[in-house]
S.K.: 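Let me give you the structure first, and then I'll get to my questions.
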Amino acid sequence: MEFEPVIGLEIHAQLKTNTKIFCGCSTSFGAPPNTHTCPVCLGMPGVLPVLNKKVVEYTIRMAIATNCKVERRSRWARKNYFYPDLPKGYQISQYELPVAQFGYIDIETDGSRKRIGITRIHMEEDAGKLTHDPDRPFSMVDFNRTGVPLIEIVSEPDIRSPEEAGAYLRQLHSIVRYIGISDGNMEEGSFRCDANISIRPKGAERLGTRSELKNLNSFKHVEKALYYEINRQKEIIIDGGRVVQETRLWNPDKNITTSMRSKEEAHDYRYFPDPDLLPLVVDNEWIDALKKTLPELPDRKKNRFISEFNLPSSDAEIMSSSRELADYFEECIKEFPKPKQVSNWIMGELLGLLNAEGKTIDRSPISSSNLARLLKLIDKGIISGKIAKTVFEDMANTGRHPEEIVEKKGLVQVTDVSAIEEVVSQILADNLKEVEGYRKGKKKLIGFFVGQVMKETKGKANPKIVNEILKDKLAE
Ligand code: ADP
Ligand code: MG
Ligand code: ZN
């Protein structure tokens, strides 16, 4: 029997507001424990929450960017449970009436496009953070994070493979950063994902029993955990068993998932409307005004890069993956209008360099203008592509203009035919045995001769001219 995976993702993104959702405490990361707290976010008796308008604004931006219907009226709910990181004993969230629903985004895997439905987006507050030190007989709690605003984005069960899940997640990650509502930092936990997965016989209508995977803190882990889980569920069914509904934890060291709790042990949160907060009402003018402030989104940009610059889809995908990278790419093209060459250098040399140094594009040691100037030097035949790589390194280390480096180091490519001819004659005279071999049919020796000429000219001879002259002289 052939099986089909069915996947739905729940994503939490931390919003990049300066202050918390219901009080004026700072949201900044990394402060000493319990310094960003007040009676409201500590859940003292008698305090009242006051909604931060920026949180609603950011959520609506996300709703528009993901084609959701923004509800004019939504409601706040209390999700009740006890845990030491939750001082109030309930989390303020949205339940029956979320602020946005019925959206979608289009993703692409292996060149085919597909629409993934978004069930809902709602706002809620984050909980605190517990630290467990194995050497001490107690745990510690930090309430700096309680009340930090989150949005939860729930997808329809439209995803059919780990790759699609990865593409969906990457695109949402890219969108939150494009529209500036979250920094999307997965390691710091400001972008988190739970994955729901079941399998069913291919073609079946009914959904299978799902498991919910937690502790997925990188894109790679999400895909790996889903692969593992698909196989685990398949084996159970092939062995004649039944999948049980449960929450499972991904173990990144062992590359397996393990059971955390079954459905029977799941909490009953006893949601009810929060009596301290009025229903949220947003007017259409505000929504329309926010619509106008949205930038060109990644999917749109990618398609424009394909149609306007004739980029292959994979290049366009990478060039549009962040707004900063896209801007860098377009700035380069303005100065050097050969898009494919620009994307080649960005994907190969530049991103390689940035990765190695753990930097993002906005910290690039090489400006877009300097990269464009370097490409111009190659294009005009002033330096070879090979020399350009050493100039690139120099630019990265010194921040100097490429022309200056080429000039100072004497790297200008030799295109003077007679100068090259002279070197070629010398090389042939020094390697008579190889010349004879070549003339007897060992045509591969051409590589050897080119290498020798390049060595002699310190890589500066124009390779095309070198090849032509060599073939000419060896034919004599
Ligand atoms: P819960 O209330 O437990 O979070 P939801 O019904 O809100 O459950 O669904 C959570 C996520 O699980 C959604 O993304 C949804 O698409 C997905 N989902 C629901 N049922 C299944 C299933 N049988 N298989 C895979 N995913 C599912
Ligand atoms: Mg859930
Ligand atoms: Zn506070």
Side-chain angles (χ1 to χ4, degrees), residues 3-12 17-28 31 34-44 47-52 55 66 77 79 81 87-88 92-96 98 101-105 116-122 124-128 142-149 152-162 164-165 168-169 172 193-201 204-214 216 222 225-226 229-230 233 237 242-248 260-269 271:
F3 289 103
E4 166 183 74
V6 174
I7 300 165
L9 300 184
E10 295 166 276
I11 294 170
H12 283 94
T17 54
N18 293 327
T19 55
K20 295 186 179 180
I21 182 168
F22 298 118
C23 65
C25 292
S26 164
T27 55
S28 70
N34 300 306
T35 53
H36 293 170
T37 54
C38 73
V40 173
C41 56
L42 289 174
M44 298 290 164
V47 294
L48 285 174
V50 177
L51 178 60
N52 179 345
V55 172
T66 52
K79 179 179 179 177
Y81 64 95
K88 292 200 295 290
I92 304 178
S93 180
Q94 296 195 294
Y95 189 55
E96 294 128 319
Q101 40 190 347
F102 314 123
Y104 66 85
I105 61 167
I116 307 293
I118 288 174
T119 314
R120 57 188 274 150
I121 301 181
H122 70 249
E124 60 190 28
E125 56 179 348
D126 209 344
D142 176 8
F143 290 125
N144 284 349
R145 205 177 63 187
T146 47
V148 165
E152 178 170 344
I153 307 153
V154 182
S155 87
E156 287 291 297
D158 290 345
I159 299 166
R160 292 288 172 274
S161 68
E164 284 183 13
Y168 170 82
L169 195 59
L172 280 190
C193 168
D194 297 337
N196 293 269
I197 170 150
S198 60
I199 60 172
R200 64 182 173 191
E205 280 280 328
R206 251 189 59 211
L207 295 177
T209 306
R210 69 178 144 138
S211 48
E212 179 174 351
L213 310 181
K214 290 190 178 288
L216 307 170
V222 174
L226 286 171
E229 194 57 22
I230 291 168
Q233 295 187 6
I237 292 175
R242 285 177 68 178
V243 175
V244 293
Q245 189 171 339
E246 60 184 352
T247 302
R248 298 181 69 86
M260 182 177 139
R261 61 168 179 255
S262 70
K263 193 190 176 191
E264 284 69 39
E265 298 161 74
H267 300 120
D268 177 352
Y269 296 114
Y271 282 97

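As the structure lists them, so they are numbered: ligands from 1, and atoms in each ligand from 1.
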S.K.: Can you measure from CG (D126) to NE2 (H12) and round to the nearest 0.5 angstrom?
M.R.: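 Nearest 0.5 Å value for the CG-NE2 distance: 8.0 Å.
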
S.K.: Do K79 side-chain atoms and Y95 backbone N/O form a donor-acceptor pair below 3.5 Å?
M.R.: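 Side chain of K79 to backbone of Y95, a donor-acceptor pair under 3.5 Å: no, none is there.
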
S.K.: Using distance alone, decide if ligand 1 has a nitrogen or oxygen within less than 3.5 Å of any nitrogen or oxygen in S198.
M.R.: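 Among all N and O atoms of S198, at least one is under 3.5 Å from an N or O of ligand 1.
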
S.K.: Does either side chain, that of S211 or that of E246, offer a donor lying less than 3.5 Å from an acceptor on the other one?
M.R.: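 The criterion, which ignores hydrogens and geometry beyond distance, is not satisfied for E246 and S211.
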
S.K.: Say whether R210, considering both its backbone and side-chain N or O atoms, lies within less than 3.5 Å of an N or O atom on ligand 1.
M.R.: yes

S.K.: In a check of side-chain contact (heavy atoms from CB on, under 4.5 Å) between E212 and each of Q245, K263, E10, which one passes?
M.R.: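 Running side-chain contact (heavy atoms from CB on, under 4.5 Å) over Q245, K263, E10 with E212 returns exactly one hit, E10.
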
S.K.: Please identify which atoms of ligand 1 are closer than 4.0 Å to at least one heavy atom of G8.
M.R.: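 Answer, ordered by atom number: 14 (O), 16 (O), 17 (C), 26 (N).
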
S.K.: Taking the minimum heavy-atom distance to atom 13 (C) of ligand 1, which of P157, G208, P5, S155 ranks first?
M.R.: S155

S.K.: Tell me if a side-chain donor or acceptor on T209 pairs with a main-chain N or O of V244 at a distance below 3.5 Å.
M.R.: no

S.K.: Under 2.8 Å from the Zn ion (ligand 3), which protein N, O or S atoms are there? Could you list them by chain and number?
M.R.: C23 SG, C25 SG, C38 SG, C41 SG

S.K.: Check L9 against ligand 1 and report side chain, backbone, both or neither, counting heavy atoms closer than 4.0 Å.
M.R.: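 The answer is the backbone.
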
S.K.: May I ask you to decide if the ring planes of Y271 and Y269 are parallel, tilted or perpendicular, using 30° and 60° as cut-offs?
M.R.: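 If you compare the ring of Y271 with that of Y269, the planes turn out perpendicular.
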
S.K.: Test of understanding: given a 4.0 Å heavy-atom threshold, classify the contact between E10 and ligand 1 as side chain, backbone, both, or neither.
M.R.: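 It is the side chain that gets close, since no backbone atom is under 4.0 Å.
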
